[in-house]
Trainee: 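My questions will all concern the structure given below.
Below, read A as the first sequence line, B as the second, and so on, with proteins coming before strands; counting in each chain starts at 1.
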Amino acid sequence: MFEAHKKIINTEKIAYWIFLVLGVMNVGFVLMICVYLLIAGTPAIVKVGPIDFLFGTTWASTAAQPKFGILPFILTSIYGTIGAIVIGLPLGFFSAVYLAKMASRKVKAVIEPMVDLLAGIPSVVYGFIGMLVLVPGIRALFGLPDGSGLLAAIIVLAIMILPSIIKVSITAIEAVPEEYTLGSLALGANKVETIFRVVVPAARSGISAAVVLGVGRAIGEAMAVMMVAGNAANMPDSLFQSVRFLTTAVASEMSYSSGLQREALFSIALVLFAFIMVINGILNMLLKKGIKR
Amino acid sequence: MSENNANAAAEGNIFTVSKFNLWYGDHHALHNINMDIKEHTITALIGPSGCGKSTFIRNLNRMNDLIPSTKLEGSILYNNEELVNSDIDVSKLRKEVGMVFQKPNPFPMSIYDNIAYGPRTHGVRNRAKLDNLVTESLKSAAIYEEVKDRMSSSALGLSGGQQQRLCIARALAVQPRVLLMDEPTSALDPISTGKIEELAMQLKEKYTIVIVTHNMQQALRISDYTAFFLLGDLVEFGPTEKIFTKPEDKRTEDYITGRFG
Amino acid sequence: MSVASTKRKIYKATMLSLSNICMAITVALVFFLIIYIFVKSIPYFSWELLSTSPSYLKGTIGVLPDIMNTIYIIFMALVLVLPMGVGTAIYLNEYSNRPKVEKAIEYCIETLAGIPSIIYGLVGMLVFCQFMGLQTSLLAGALTLMIMNLPTIIRTTQESLKTVPQSYREGAFGLGAAKWRVIRTVVLPCCIDGIVTGCILSVGRMMGESAALLFTAGFAHNLNGFFDAMHSAGATLTVALYVYAKEQGRFDVAFVIAAILMLMSLVINITATVLARRIQNKKGE
């Protein structure tokens, strides 16, 4: 019996350490990602010069006199993300209000899995449908030589962020205490006024979290955008311009890059990572605020 | 009754608690507790809820280890081994000092596996020995007849009272010396309660029982000694008869006679 | 008073119709996507396409290698991520007694959840393919997918660990069982449903992933056995869809792959929903 107990105690100690190590490995992975991005991404920024790199308007990585300015990509990513939010937010927000407050239980039980499905469709499928439906559609509608460009990317991104906006907004709206609704109804407000003037404002930090989550998704999406945005390194001067996002700039040249060009691609990834870290910081802040309230 | 007590005293104390204090964070939950618990007796801990009796009983098998930020002072001797802040093998201690909880908590397994859980934990692998332990424990807990035909069905299908007796059987299966019962009947109907009380009195022959209860009739019916807790103090401790008939402390008298609580 | 009430009526009508219209658009979108893919792809489905490898000699295309690669990489990534993720969740919920370590791990999991897949792809390429010398291979891809899916597995496992009643743990501790035994024999068996849900969600994400696999798992269309496939490059269905649609202009093949992916998402979604409802019912009991 004594031996058995000693063995049990040893197993327990080993189990504790295994779980501790597994947990700490997560920290290791994040550190690994940060360190590798920094090591791989810094040299080109130093060589090109941070100002020229971040604010240079020309990207000509394979030219005889290569230029590495990534402002076009940064602006494209920002415009693209804003555009996606402008379209996706109202669509997602009103859908969420409908599902959370107006739909009957049955309708909700049918539609919610559909929203989940939207979230589960692979991004290449979105890109593919965008290529075949959206791009020719835009070309025909506006009489352009080519329909691929910023607008097509914005629409695809808007659809792709829709499920996360809907999901998070529903959670936020449903978390508003029932007493608010009752209080407002008791004062003579009708149901719609109650929803939009009482419930929605009370859920605003959760809804802003949905927006930030959507921003993060949109700015990080690569494949779908790569299939519809045209991929020329232009400044995003118009909605129909063929453009490259930060993500697609990395993806489209990586497989044949070398030397400074390759280093510059890692620098772009580093810039993207910086954007994402800021967005995640804001997101976590909003979510924590939402929980506190 | 007095003869019985004399015997117990002769056999000595199984727990000796002296100057025991407990804090949860900043909250001083138990103040300077002194108490001797004798073998083969039933000791009832009574008092209004939140007075520290459950907290106290959980120190007798170190279940309070599970709650972080608990601070202990003083001494609890079990069988002359120090429990407070010592590095004794809690697994061995809990094998000897079993526990039955307020809400019946059978594991989501078969009836057989529930009872066999403890013995298996302590290294019993032999099937025949396990079978024997399971049967004996169920018999001791007076539930064998009710479950013998469905040993492999889920324990969650039993009624609340049956579940609680199953939990007692489960605790007995590791062959403990002491059984701690934390309000074992508070979630049960009167008939099940009666069965468990009867069981407790039978078990006294072989085990020492410490029972937390809200129900003063219950304490009076089954216990040999009674301890009255109030707001973290042990107000009075002595033979049950004396506590209920000639309490020394005014507060005990008030509580017993139902003036508060 | 009447102006105010007219205003209120307009407000009500506007908001109500906006909600209805937006919901209708969303629903229509889902239907359009599903119907478009399935209707367009049906003519291109053939047993030959599904059951062969591409052949330059015969000039034919087959997606079997891509299907197998997808299955292999998901299987391998799951084998890797399950112990890591479940282990981390167990540490956080059951063991952790150091708040600082716990906080650091939680923060890192949040960070992992937010990193875009293209960055995972790059770092996976740097670390697994180059530094660890795995080359462009399914194993490198699976390792990348493992890190990406840690947050999903950890979160779902944590959620289900939280639903295990504390009284089960107390009961087992009270019998003298030590922590790992309690977790292994009482706590984890209660969490199987939750962990399976996490796996299904992860399978969905892995199946849909492409950007992270471009530079780690590669583009090859060779049919291999599991162990050969692990250390050779191979395209998954998503990567193959990208290559066929964007680089080779073979929309017929792309449609078939898109339909397969769509079907798989449907199956995964339905399974996850059913499981989630089952767990919900259990909680209600």
Trainee: What are the two closest non-hydrogen atoms of C/L261 and A/P122, and how far apart are they?
Mentor: CB-CG, 4.0 Å
Trainee: Which region of A/N284, side chain (C-beta onward) or backbone (N, CA, C, O), has a non-hydrogen atom less than 4.5 Å from a non-hydrogen atom of chain C, or is it both or neither?
Mentor: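 Just the side chain, heavy atoms under 4.5 Å.
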Trainee: Give me the atom names and distance for the closest heavy-atom approach of A/L22 to C/G87.
Mentor: CD1-CA, 3.7 Å
Trainee: Could you check if a side-chain atom of C/Y11 sits within less than 4.5 angstrom of a side-chain atom of A/F196, using non-hydrogen atoms only?
Mentor: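 Yes - at least one pair of side-chain heavy atoms lies under 4.5 Å apart.
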Trainee: Applying ring-ring contact (aromatic ring centres under 6.0 Å, His included) to A/F19 and C/W180, what does each step give before you reach the verdict?
Mentor: CA-CA 10 Å; A/F19 288 121; C/W180 169 232; 5.3 Å; yes
Trainee: Answer with side chain, backbone, both or neither: which region of C/I90 has an atom nearer than 4.5 Å to a non-hydrogen atom of chain A?
Mentor: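 For C/I90, side-chain heavy atoms alone lie under 4.5 Å from chain A.
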Trainee: When heavy-atom pairs shorter than 4.5 Å are enumerated against chain A, which of C/I257, C/L33, C/I21 gives the highest number?
Mentor: C/L33
Trainee: At a heavy-atom distance under 4.5 Å, which candidate from A/E112, A/M254, A/K101 has the highest pair count against chain C?
Mentor: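 Most heavy-atom pairs under 4.5 Å with chain C: A/M254.
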Trainee: Could you tell me if the side chain of A/F94 sits less than 4.5 Å from the side chain of C/N20, heavy atoms only?
Mentor: no
Trainee: Between C/F219 and chain A, with a heavy-atom cut-off of 4.5 Å, which part of the residue counts as in contact: side chain, backbone, both or neither?
Mentor: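 Nothing of C/F219, per the 4.5 Å heavy-atom cut-off to chain A.
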Trainee: Of the listed residues (A/N26, A/I121, A/L99), which shares the most heavy-atom pairs with chain C below a 4.5 Å separation?
Mentor: A/N26
Trainee: Is there a side-chain contact between C/L150 and A/F29 in this structure, where contact means two heavy atoms from C-beta onward sitting under 4.5 Å apart?
Mentor: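 Yes - at least one pair of side-chain heavy atoms lies under 4.5 Å apart.
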Trainee: Which atoms of C/F251 come close to chain A, meaning under 4.5 Å heavy atom to heavy atom: side chain ones, backbone ones, both, or neither?
Mentor: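 Both parts, backbone and side chain.
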Trainee: Is it the case that the ring center of A/F128 lies less than 6.0 angstrom away from the ring center of C/Y242?
Mentor: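 No; A/F128 has its ring centre 6.0 Å or more from that of C/Y242.
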Trainee: Does the side chain of C/F32 come within less than 4.5 Å of A/V133's, by heavy atoms?
Mentor: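 Answer yes - side chains close enough.
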Trainee: Name the region of A/A40, side chain, backbone, both or neither, that has any atom closer than 4.5 Å to a heavy atom of chain C.
Mentor: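 Contact with chain C is through the side chain of A/A40 alone.
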Trainee: I'd like to verify something: which residue of C/V127, C/V27, C/T111, C/I34 has the highest number of heavy-atom pairs under 4.5 Å with chain A?
Mentor: C/V127
Trainee: Where on C/P83 is there a heavy atom nearer than 4.5 Å to chain A: the side chain, the backbone, both, or neither?
Mentor: backbone
Trainee: Quick check on the interface: out of C/M84, C/R184, C/R181, C/M207, who has the most heavy-atom pairs with chain A under 4.5 Å?
Mentor: C/M84
Trainee: Got C/K179 and A/Y16 here, is their nearest side-chain heavy-atom distance under 4.5 Å?
Mentor: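 A side-chain contact is absent here, since even the closest heavy-atom pair is not under 4.5 Å.
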Trainee: Based on non-hydrogen pairs under 4.5 Å, which of A/N280, A/L91, A/I166 is most in contact with chain C?
Mentor: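 If we count pairs closer than 4.5 Å to chain C, A/L91 comes out on top.
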Trainee: Check step by step if side chain to side chain contact (heavy atoms under 4.5 Å, CB included) holds for A/L20 and C/Y91.
Mentor: CA-CA 6 Å; A/L20 178 63; C/Y91 178 76; 3.0 Å; yes
Trainee: What part of A/Y126 is in contact with chain C, defined as an atom under 4.5 angstrom from a non-hydrogen atom: side chain, backbone, both or neither?
Mentor: side chain
Trainee: Please state whether the side chain, the backbone, both or neither of A/M114 comes within less than 4.5 Å of a heavy atom of chain C.
Mentor: both
Trainee: At a 4.5 Å cut-off on heavy atoms, which part of C/F255 comes close to chain A: side chain, backbone, both, or neither?
Mentor: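 Both the backbone and the side chain of C/F255 come within 4.5 Å of chain A.
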Trainee: Is chain C contacted by the side chain of A/M226, its backbone, both, or neither, given a heavy-atom distance below 4.5 Å?
Mentor: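 Contact with chain C: backbone and side chain both.
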Trainee: Check step by step if side chain to side chain contact (heavy atoms under 4.5 Å, CB included) holds for A/M223 and C/I118.
Mentor: CA-CA 9 Å; A/M223 299 305 281; C/I118 182 85; over 6 Å; no
Trainee: With only heavy atoms counted, which part of A/A218 is less than 4.5 Å from chain C, the side chain, the backbone, both or neither?
Mentor: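 Neither the backbone nor the side chain of A/A218 comes within 4.5 Å of chain C.
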Trainee: Find out whether A/I195 and C/M15 are in side-chain contact, i.e. whether some heavy atom of one side chain is under 4.5 Å from a heavy atom of the other.
Mentor: no
Trainee: Side chain, backbone, both or neither: which part of C/L214 has a non-hydrogen atom closer than 4.5 Å to chain A?
Mentor: side chain
Trainee: Would you say the side-chain atoms of C/S210 pair up with the backbone N or O of A/V124, donor to acceptor, closer than 3.5 Å?
Mentor: no
Trainee: Which bit of C/I154 is near chain A, if near means a heavy-atom gap under 4.5 Å: side chain, backbone, both or neither?
Mentor: side chain
Trainee: I'd like to verify something: which residue of A/T247, A/I129, A/V115 has the highest number of heavy-atom pairs under 4.5 Å with chain C?
Mentor: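 The option with the most such pairs is A/I129.
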Trainee: Quick check: closest heavy atoms across C/S19 and A/Y98, and the distance to 0.1 Å?
Mentor: O-CB, 4.1 Å
Trainee: Between C/I268, C/T273, C/I37, which shows the greatest number of heavy-atom pairs under 4.5 Å with chain A?
Mentor: C/I37
Trainee: A/E12: what forms a salt bridge (Lys or Arg N to Asp or Glu O under 4.0 Å) with it, not counting sequence neighbours?
Mentor: none
Trainee: Tell me, side chain or backbone of C/M125 under 4.5 Å from chain A's heavy atoms, or both, or neither?
Mentor: side chain
Trainee: If you take all heavy atoms of A/A269 and C/I119, which pair is closest and at what distance?
Mentor: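 For A/A269 and C/I119, the tightest heavy-atom pair comes out as O-CD1, 3.6 Å.
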Trainee: With chain C as the partner, which of A/V97, A/L272, A/L37 has the greatest number of non-hydrogen pairs under 4.5 Å?
Mentor: A/L272
Trainee: Can you tell me which of A/E221, A/M131, A/R197, A/R217 forms the most heavy-atom pairs within a distance under 4.5 Å of chain C?
Mentor: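 Of the options given, most contacts go to A/R197.
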Trainee: Counting only heavy atoms closer than 4.5 Å, note whether C/L29 contacts chain A via side chain, backbone, both or neither.
Mentor: side chain
Trainee: Looking at side-chain heavy atoms only, is the closest gap between C/E110 and A/L283 below 4.5 Å?
Mentor: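 No. Closest side-chain heavy atoms not under 4.5 Å.
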Trainee: Do the ring planes of A/Y36 and C/F131 sit parallel (below 30°), tilted (30 to 60°) or perpendicular (above 60°)?
Mentor: perpendicular
Trainee: Quick one: what part of C/E247 sits under 4.5 Å from any heavy atom of chain A, side chain, backbone, both or neither?
Mentor: neither
Trainee: Charged N to carboxylate O under 4.0 angstrom, A/E193 versus C/R8?
Mentor: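 Salt bridge: yes.
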Trainee: Pick one of side chain, backbone, both or neither for C/M206, based on which atoms fall under 4.5 Å of a heavy atom in chain A.
Mentor: neither
Trainee: Would A/F266 and C/L126 count as a side chain to side chain contact (heavy atoms under 4.5 Å, CB included) here? Give the steps.
Mentor: CA-CA 10 Å; A/F266 284 114; C/L126 287 172; 3.6 Å; yes
Trainee: Which bit of C/V101 comes within less than 4.5 Å of chain A, counting heavy atoms only: side chain, backbone, both or neither?
Mentor: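 For C/V101, side-chain heavy atoms alone lie under 4.5 Å from chain A.
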Trainee: Is there a side-chain contact between C/S265 and A/L117, using heavy atoms and a 4.5 Å cut-off?
Mentor: yes
Trainee: Looking only at heavy atoms and a cut-off of under 4.5 Å, which of C/A113, C/G124, C/A211 has the most pairs with chain A?
Mentor: C/A211
Trainee: Can you name the nearest heavy-atom pair linking A/A15 to C/Y95, along with the distance?
Mentor: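 The pair with the smallest heavy-atom distance is CB-OH, 3.9 Å.
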Trainee: Would you sort out whether C/L122 and A/L265 count as a side chain to side chain contact (heavy atoms under 4.5 Å, CB included), showing the intermediate values?
Mentor: CA-CA 10 Å; C/L122 281 190; A/L265 295 180; over 6 Å; no
